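Note that this is a predicted model, so its numbers are computed, not measured.
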Amino acid sequence: MKAHLLQLLLPVAQSIYPEILANSIQLDRPKSIEHGDFSTNLAMMLAKPLKKNPRELAALIIEKLPASTFVEKVEIAGAGFINFYLNEKARTFIIHEILKNPDAYGQNTSGLDEKGKPQKVQIEFVSANPTGPLHVGHGRGAAIGDSLARLLKFNGWDVTREFYYNDAGAQIDNLTKSVHARCQNIDPSDPVFPEDGYRGEYIVEIANAFLNKSSIKCEGKTVIASGNINDLESIRQFSVASLRHEQDQDLNLFQIKFDVFTLESSLYQNGQIEKVLVSLVKNGFTYEEDHALWLKTTDFGDDKNRVMKKSDGGYTYFISDVAYHLNKWERGFKRVINEQGSDHHSTIMRVRAGLQALKVGIPKTYPEYVLHQMITVMKGGEEVKLSKRAGSYVTLKDLIDEVGCDATRYFLVARKPDSQLIFDIDLAKTQNSDNPVYYIQYAHARIAGVLNQWAGDINKLSNVNLDCLKSSQELILIKRLSEFPEIVLHACIELAPHTVANYLKDCAADFHSYYNDTKFLVENEVEKLARLSLIKATQIILKNGLYLLGVNAPEKM
RNA sequence: CUCCCCAUAGUUCAAUGGAUAGAACAAAUCACUCCUAAGGAUUAGAUCCCUUUUCGAAUAAGGGUGGGGAGGCCA
């Protein structure tokens with residue numbers, strides 16, 4: 001509908017002001033229903049270059065505007081807004097479109113290339129190291145990342161979900177030492193316990209399982225514990241496998257699936273690290289100092305240079321990050337989005353600098369980042385700071401166990417990523433209208449209830465006469481439904497899934513209001529079918545929207 | 001000290017540079033013989049401060065104040 005109006009407007013605008021660009025014409029959704037369905041500020045924009053009064057220009061534009069079967073009237077308002085009011089044909093059209101292809105409604109093709117092929121995009125998220133259970137922060141990353149993946153897919157992209165983890169390095173050594181200590185009944189209060197060791201109770205569980213020679217299945221392999229306390233290599237492998245396995249279980253519980261797992265160690269094994277190192281040296285961006293090899297990231301805007309190869313001969317995480325992102329590029333991902341906690345923001349500059357120094361044509365803004373801020377978990381009016389098992393933080397599993405997958409996902413995705421989030425467990429647990437998840441899901445279930453009670457053939461609803469839908473609740477609801485495709489596109493472009501969550505809350509509110517005002521299952525067959533069509537269309541939108549958030553849409557509650 | 005994010009109603013959060021800044025909770029009021037009251041209707045209440053750009057700013061720019069995060073040869 002928006003595209004239709006733009007088509008009407010563009011030739012008119014060009015005839016008045018030939019230099020105008022198609023994408024510079026703004027067509028907005030006015031906040032107030034009195035200002036119509038769409039509004040353009042075109043006349044105000046042209047007023048300055050043409051040195052004319054905006055209201056006069058608006059009158060001229062309207063005069064030249066061709067007739068449309070969907071437009072009821074066009075008015076000038078305020079300083080020079082041109083407002084479009086759609087007629088009942090447009091409303092009927094919208095509902096029929098939704099009912100015609102329910103699963104696809106709201107999708108668009110903005111992710112396709114010129115040949116109409118889906119473009120590849122990779123989204124990396126969670127990427128937790130296997131040193132402990134996933135915490136709430138990972139949960140926020142998981143909820144946002146997965147929702148972004150769904151949104152991109154909905155917008156025509158070919159999406160790969162990827163999880164990267166460090167399976168070697170200093171932190172894994174720490175993990176190994178911690179399990180080793182616990183195998184010998186050394187607990188964190190003991191002075192010989194590793195100083196930077198992991199202190200959670202889960203380390204004890206791993207140690208016990210190791211001593212019992214347990215086996216763990218992880219990523220298609222089975223790892224068997226040797227049970228030998230001095231076999232540090234076995235402890236390492238078993239600990240990593242245990243924690244990876246546990247994280248996978250948590251992700252399953254959270255209904256999140258990854259397409260690819262990449263191990264940091266694989267970058268060493270396949271020579272990618274060495275290749276990157278050679279290339280950076282060859283390009284002249286390195287120097288030696290204090291027996292370490294440094295990269296001149298300051299050449300690319302960093303505030304200090306960074307070590308790639310340590311004085312002890314080992315590599316830093318930084319060089320593998322660069323190698324990993326080169327690897328993404330070489331796999332054909334022209335677009336990569338990294339979803340991370342904002343506490344890692346300092347890596348952005350370094351990774352991008354490293355990629356620039358390779359001089360292989362990678363854009364300066366590669367990869368894109370979505371950073372989410374910290375979460376405070378509240379319960380009974382107090383901040384919850386730690387879990388029994390993990391010791392120092394609240395785990396994702398604790399949250400899911402307590403409030404359920406749907407509520408957890410909704411609350412973690414419903415806020416703008418770059419603002420801090422307060423997760424109120426008591427609110428997430430309530431099962432009434434205080435809780436937006438239940439409010440939205442209940443709207444969906446309520447519609448299912450009405451349709452069940454009607455017990456008619458749903459297919460009959462797809463092409464009924466809708467002219468009788470004229471009450472204010474009906475007009476408001478139809479208008480809301482018609483906005484869905486624009487919400488989907490906007491959320492995808494801005495990488496902002498929370499806008500979908502807000503939209504759904506509004507949409508559910510419009511429906512509940514309608515429900516209480518109007519009885520659907522009435523004697524008059526024409527009215528009944530028209531109303532059922534409208535609520536069926538609403539149900540489709542709610543379902544598709546909830547899908548984009550990774551939240552289920554129940555038929556019954 | 002430097003860098004990044006944030007600041008909107010009593011509270012938790014919205015708002016593609018647009019028109020009268022939206023919800024929800026909390027507060028006050030109303031209606032259950034009615035497709036699920038897990039819902040609805042009504043009332044009251046907010047853009048941290050200063051300056052600039054603009055026809056027009058919560059939004060952009062500059063400067064403050066306050067909160068969080070990052071500044072390792074850790075990730």
Side-chain angles (χ1 to χ4, degrees), chain A residues 26-32 34-35 39 41 44-45 47-48 54 77-81 83 127-129 131 165-166 169-172 174 196 264 289-294 302-304 306-318 320-321 341-349 371-374 376 378 411 414-424 427 430-436 438-439 441-443 445-454 486 489-490 493-494 496 498-499 501-503 505-506 508-509 511-522 531 535 556-557:
Chain A
Q26 281 184 40
L27 204 53
D28 302 325
R29 291 278 187 176
K31 277 183 198 148
S32 165
E34 289 132 49
H35 296 129
S39 171
N41 59 0
M44 289 185 277
M45 300 295 287
K48 196 160 196 189
F81 291 104
N83 294 336
S127 291
N129 282 340
T131 52
Y165 67 92
N166 178 340
Q171 294 309 318
I172 299 297
N174 244 331
D196 298 320
E264 189 187 20
E289 192 178 293
D290 300 333
H291 308 289
L293 189 65
W294 296 69
D302 202 355
D303 53 1
K304 55 177 120 166
R306 309 287 169 177
V307 169
M308 294 191 305
K309 192 174 184 178
K310 299 187 275 186
S311 51
D312 67 5
Y315 297 102
T316 61
Y317 70 93
F318 160 57
S320 45
D321 275 359
S342 62
D343 51 341
H344 290 88
H345 87 267
S346 55
T347 65
I348 296 177
M349 186 76 91
L371 300 180
H372 64 259
Q373 295 280 327
M374 303 282 121
T376 306
M378 301 290 286
F411 279 93
R415 302 288 182 236
K416 212 182 335 183
D418 56 13
S419 30
Q420 292 171 33
L421 163 67
I422 296 183
F423 192 109
D424 184 340
L427 174 62
T430 61
Q431 308 216 341
N432 59 37
S433 62
D434 300 0
N435 184 342
Y438 285 91
Y439 185 77
Q441 288 183 319
Y442 179 48
R446 216 174 198 187
I447 293 168
V450 174
L451 293 172
N452 277 335
Q453 188 146 338
W454 171 57
E486 294 153 42
L489 180 62
H490 180 253
I493 290 171
E494 299 294 322
H498 72 282
T499 56
N502 288 320
Y503 168 81
K505 211 168 70 174
D506 293 339
F511 167 75
H512 286 306
S513 176
Y514 180 39
Y515 177 97
N516 276 353
D517 177 77
T518 309
K519 192 159 166 70
F520 308 141
L521 299 173
V522 290
R531 290 170 189 176
I535 65 167
K556 214 178 164 179
M557 292 174 74

### Message
Under 4.0 Å, counting only non-hydrogen atoms across every strand here, what does Q420(A) touch: a base, just sugar-phosphate, or nothing?
### Response
base

### Task
Considering only atom P, compute the distance from G64(B) to U2(B) and round it to an integer number of Å.
9 Å

### Query
Between C55(B), U12(B), A19(B), which nucleotide gets closest to the side-chain atoms of I422(A)?
U12(B)

### Query
When the C1' atoms of A27(B) and U11(B) are considered, how many whole Å apart are they?
12 Å

### Query
Residues in salt bridge (charged side-chain N to carboxylate O under 4.0 Å, His left out) with D321(A), at least two apart?
none

### Message
So, under a plain 3.5 Å distance rule, would you say the side chain of N83(A) forms a donor-acceptor pair with the base of A19(B)?
### Response
yes

### Task
For H344(A), answer base if it contacts any base atom (sugar-phosphate contacts may also be present), sugar-phosphate if it contacts only those atoms, and nothing otherwise; contact means non-hydrogen atoms under 4.0 Å.
base

### Task
Anything under 30° is parallel, anything over 60° is perpendicular, the rest tilted; go ahead and classify Y514(A) against F520(A).
tilted

#### Entry: Separation of the C1' atoms in A24(B) and G40(B), to the nearest angstrom
15 Å

### Message
Please report the distance, rounded to the nearest Å, between NE2 in H512(A) and P in C34(B).
### Response
20 Å

### Task
Decide yes or no, distance alone: a donor-acceptor N/O pair under 3.5 angstrom between the base of A19(B) and the side-chain of S39(A).
yes

### Query
Within 45° of the six-membered ring axis of F511(A) and under 6.0 Å from that ring's centre, is NZ or CZ of R446(A) located there?
no

### Message
Looking only at the side chain of K519(A) (C-beta and beyond, no hydrogens), which of the listed nucleotides C34(B), C73(B), U54(B) gets closest?
### Response
C34(B)

### Candidates A14(B), C35(B), A70(B) - which lies nearest the side chain of H345(A)
A70(B)

### Query
Mind checking the C1' distance from A23(B) to A46(B)? Whole angstroms is fine.
13 Å

#### Entry: Pairwise P distance, C1(B) and A19(B) [rounded to whole Å]
40 Å

### Query
Atom OG1 in T131(A), atom OH in Y165(A): separation rounded to 0.5 Å?
12.5 Å

### Task
Would you kindly give the CG-to-P distance between N435(A) and C13(B), to the nearest whole Å?
15 Å

### Query
With a non-hydrogen cut-off below 4.0 angstrom, is E486(A) in contact with a base, only sugar-phosphate, or nothing?
nothing

### Task
Please determine, for the side chain of D343(A), which listed nucleotide (A70(B), A37(B), A14(B)) has the closest atom?
A70(B)

### Query
Over how many whole Å does the gap from N516(A) atom CG to A38(B) atom P extend?
11 Å

### Message
Going by salt bridge (charged side-chain N to carboxylate O under 4.0 Å, His left out), name the residues that satisfy it together with D424(A), two or more places apart in sequence or in a different chain.
### Response
none

#### Entry: Results of ring pair (Phe, Tyr, Trp, His ring centres under 6.0 Å) for F318(A) - residues two or more places apart only
none

#### Entry: Options C35(B), A70(B), A14(B), nucleotide nearest the side-chain atoms of F520(A)
C35(B)

#### Entry: Set of residues satisfying salt bridge (charged side-chain N to carboxylate O under 4.0 Å, His left out) with respect to D303(A), sequence neighbours excluded
R306(A)

### Query
So, does the side chain of D28(A) form a donor-acceptor pair with the base of U16(B) at under 3.5 Å?
yes

### Query
What integer number of Å spans the C1' atoms of U29(B) and C35(B)?
28 Å

### Summary
Ranking A19(B), G18(B), A41(B) by distance to the side chain of M44(A), first place goes to G18(B)

### Exam field: side chain S311(A) to backbone H291(A), donor-acceptor pair closer than 3.5 Å
no

### Query
Dot-bracket, RNA chain B: Watson-Crick or G-U, under 3.5 angstrom, [ ] crossing, | other strand?
(((((((..((((....[...)))).((((.........))))....(((((..]....))))))))))))....

### Sugar-phosphate only, base, or nothing, as touched by A77(A) at under 4.0 Å among non-hydrogen atoms
base

### Message
Does a side-chain N or O of K31(A) approach OP1 or OP2 of U20(B) to a distance below 4.0 Å, or not?
### Response
no

#### Entry: U54(B) and G62(B), which share atom name C1', separated by this distance in whole Å
16 Å

### Task
Counting heavy atoms from C-beta on, name the nucleotide in U20(B), C35(B), A19(B) closest to the side chain of H35(A).
A19(B)

### Message
Using a heavy-atom cut-off of 4.0 Å across all strands, would you classify A292(A) as base, sugar-phosphate, or nothing?
### Response
base

### Query
Who pairs with E264(A) by side-chain contact (heavy atoms from CB on, under 4.5 Å), at least two apart in sequence or on another chain?
Y164(A), N166(A), D167(A), Y268(A), S320(A)

### Query
Nearest to the side chain of W294(A), which nucleotide is it out of A37(B), C73(B), G40(B)?
C73(B)

### Message
Just to be sure I understand the rule, does L421(A) reach a base, reach only the sugar-phosphate, or reach nothing, if contact means heavy atoms closer than 4.0 Å?
### Response
sugar-phosphate

### Query
Looking for any heavy atom pair under 4.0 Å, which part of the strands does F318(A) touch: base, sugar-phosphate only, or nothing?
nothing

### Task
Can you figure out which of C35(B), C55(B), G72(B) approaches the side chain of K304(A) most closely?
G72(B)

### Message
Suppose we call a contact any N or O donor and acceptor under 3.5 Å apart; does that hold for the side chain of S311(A) and the base of C73(B)?
### Response
yes

### Message
Mind checking if A443(A) touches a base, just sugar-phosphate, or nothing, with heavy atoms under 4.0 Å?
### Response
nothing

### Message
Please check if the number of heavy atoms outside M44(A) that lie under 6.0 Å from its CE is greater than 12.
### Response
yes

### Task
Measure the distance between the ring centre of Y439(A) and the centre of the six-membered base ring of A38(B), then answer whether it is under 5.5 Å with planes under 30°.
no

### Query
Within the pair S419(A) and G68(B), is there a side-chain N or O less than 4.0 Å away from OP1 or OP2?
no

### Query
What integer number of Å spans the P atoms of U42(B) and C3(B)?
49 Å

### Task
Report which part of the nucleic acid T518(A) touches: base, sugar-phosphate, or nothing (heavy-atom distance under 4.0 Å, all strands).
base

## Note on the structure
Quick note, K416(A) side chain, CB onward, closest among A15(B), C34(B), G18(B) is A15(B)

